[in-house]
Amino acid sequence: MRTHNFLRELEHDRIVRAIKEAEAKTSGQIRVFLQRGKFEEDALERAQKKFIQLGMHKTRERNAILIFVAPRAQKFAVIGDEGVHQKCGEQFWEELVKKMRGHFRREDFTQALIEAIESVGQVLARHFPKAAGSSNELPDGVVEG
């Protein structure tokens, strides 16, 4: 799918609202990144690079999660920093990706992202609850690049 078609169909306001609602219960950070164009490398590899470029590895508790989507390449990945990965395990990521893949196949892009945000938000809230000194360390908007 062409990236501009994907972006046109995406409900940005609902996605940002879902991020804000999820982060209201946790010190964790959630970002959505939409990659323009095609690329040959694995989506997970590209997402890991973008995670570092966005400074997501610098959160105090190492509890950031990136949802990376490349519509034109028809690839996506979800990665969490080391603090999150230690808490939730591999099965969580596999189930999350499986659910997202189903929504993407039905071209229900916004719902795929919202459900993913809600799922990671629940995991973050369970393992990294909002504390008195918690602050929003990263912007909540959808990032395009």
Side-chain angles (χ1 to χ4, degrees), residues 1-128 130 135-145:
M1 169 176 269
R2 300 211 37 105
T3 305
H4 72 276
N5 292 342
F6 180 89
L7 294 173
R8 189 177 62 237
E9 293 179 24
L10 217 54
E11 297 175 55
H12 287 263
D13 293 344
R14 284 184 60 208
I15 294 166
V16 171
R17 190 168 47 249
I19 292 170
K20 289 181 183 299
E21 288 172 7
E23 288 184 356
K25 301 170 190 136
T26 178
S27 63
Q29 301 293 298
I30 303 167
R31 298 204 74 186
V32 173
F33 183 85
L34 304 175
Q35 177 70 56
R36 293 185 178 274
K38 288 189 174 189
F39 56 90
E40 296 301 319
E41 68 199 275
D42 180 69
L44 188 58
E45 185 179 321
R46 177 65 68 104
Q48 289 168 333
K49 289 177 185 175
K50 193 53 64 181
F51 191 91
I52 300 297
Q53 288 174 352
L54 294 171
M56 296 182 71
H57 61 295
K58 296 179 182 178
T59 60
R60 279 189 293 279
E61 296 181 68
R62 302 296 302 261
N63 58 357
I65 295 176
L66 176 65
I67 301 170
F68 174 91
V69 182
R72 185 121 188 238
Q74 296 185 357
K75 298 178 183 182
F76 73 98
V78 182
I79 61 169
D81 208 343
E82 61 187 38
V84 180
H85 193 67
Q86 290 171 359
K87 303 280 186 184
C88 69
E90 196 62 39
Q91 185 176 356
F92 169 76
W93 302 111
E94 290 170 7
E95 287 295 316
L96 182 67
V97 166
K98 181 179 175 183
K99 288 176 187 175
M100 287 181 71
R101 187 173 290 120
H103 283 296
F104 282 145
R105 285 187 177 137
R106 292 187 299 278
E107 296 188 5
D108 195 0
F109 308 118
T110 298
Q111 195 61 34
L113 294 173
I114 288 174
E115 284 186 21
I117 291 163
E118 289 171 349
S119 292
V120 299
Q122 289 169 4
V123 165
L124 289 171
R126 185 170 43 253
H127 297 292
F128 301 95
K130 191 79 153 178
S135 64
N136 192 5
E137 297 179 69
L138 298 170
D140 296 331
V142 176
V143 183
E144 299 174 24

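As a basis for the values below, the full set of heavy atoms in this structure was taken, side chains included, without hydrogen atoms, waters or symmetry mates. Bear in mind that the values here come from a model prediction, so they are computed numbers and not experimental data.
- Remark: K25 NZ is loosely packed, at most 12 non-hydrogen atoms of other residues, nucleotides or ligands lying under 6.0 Å away.
- Between the CD1 atom in I117 and the CG atom in L124 there is a gap of 11.5 Å [rounded to 0.5 Å].
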Full working for side chain to side chain contact (heavy atoms under 4.5 Å, CB included) between F104 and V69: CA-CA 10 Å; F104 282 145; V69 182; 4.1 Å; yes
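- Checking each of L96, L44, L66, V32 against V78 for a side-chain contact (heavy atoms from CB on, under 4.5 Å) leaves exactly one that passes, namely L96.
- For K130, the NZ atom is densely surrounded, since the number of other residues' heavy atoms within 6.0 Å is greater than 12.
- Here the side chains of D81 and M56 are not in contact, with every heavy-atom distance at 4.5 Å or above.
- Put simply, the side chain of Q86 does not reach to within 4.5 Å of the side chain of R62, judged on heavy atoms.
- Between N136 and Q29 there is a side-chain heavy-atom pair separated by less than 4.5 Å.
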Side chain to side chain contact (heavy atoms under 4.5 Å, CB included) assessment of F92 paired with K87: CA-CA 10 Å; F92 169 76; K87 303 280 186 184; over 6 Å; no
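- Of all heavy-atom pairs spanning G55 and L138, the tightest one is O-CD2, 4.3 Å.
- E144 has its side chain within reach of R36: a pair of non-hydrogen atoms, C-beta onward, lies under 4.5 Å apart.
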Ignoring hydrogens and angles, write down the donor-acceptor pairs under 3.5 Å from the side chains of residues 15-23, residues two or more places apart or on other chains.
| from | atom 1 | to | atom 2 | distance (Å) |
| --- | --- | --- | --- | --- |
| K20 | NZ | D140 | OD2 | 3.3 |
| E23 | OE2 | I30 | N | 2.7 |

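- Here the CD atom belonging to Q48 is positioned 8.0 Å from the CG atom belonging to D42, to the nearest 0.5 angstrom.
- Classification of the F39-F68 ring pair by plane angle, with boundaries at 30° and 60°, yields perpendicular.
- When all heavy atoms of I79 and W93 are compared, the closest pair comes out as C-CH2, 4.1 Å.
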Chi angles and distances behind the side chain to side chain contact (heavy atoms under 4.5 Å, CB included) call for R101, F76: CA-CA 9 Å; R101 187 173 290 120; F76 73 98; 4.2 Å; yes
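- Smallest separation of non-hydrogen atoms from G37 and R72: O-CB, 3.7 Å.
- A 4.5 Å side-chain heavy-atom check between Q111 and E115 finds at least one atom pair inside the cut-off.
- R46 CZ to K50 NZ: the interatomic distance, rounded to the nearest 0.5 Å, is 7.5 Å.
- Of the residues V143, V142, I67, the one that meets the side-chain contact (heavy atoms from CB on, under 4.5 Å) test with L34 is V142.
- Within the 4.5 Å cutoff, no side-chain heavy atoms of R126 are placed close to those of C88.
- Rounding to the nearest 0.5 Å gives a distance of 15.0 Å between CG of N63 and NE2 of H85.
- A 4.5 Å side-chain heavy-atom check between E137 and S27 finds every atom pair outside the cut-off.
- Considering NZ of K75 and CD of E41, their distance stands at 7.5 Å, rounded to 0.5 Å.
- In this structure, E95 CD and K99 NZ are separated by 6.0 Å, a value rounded to the nearest 0.5 Å.
- Annotation for Q91: atom CD does not count as buried by contact number, only 12 or fewer foreign heavy atoms lying within 6.0 Å.
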Candidate pair L113 and M100, rule side chain to side chain contact (heavy atoms under 4.5 Å, CB included), full reasoning: CA-CA 7 Å; L113 294 173; M100 287 181 71; 4.1 Å; yes
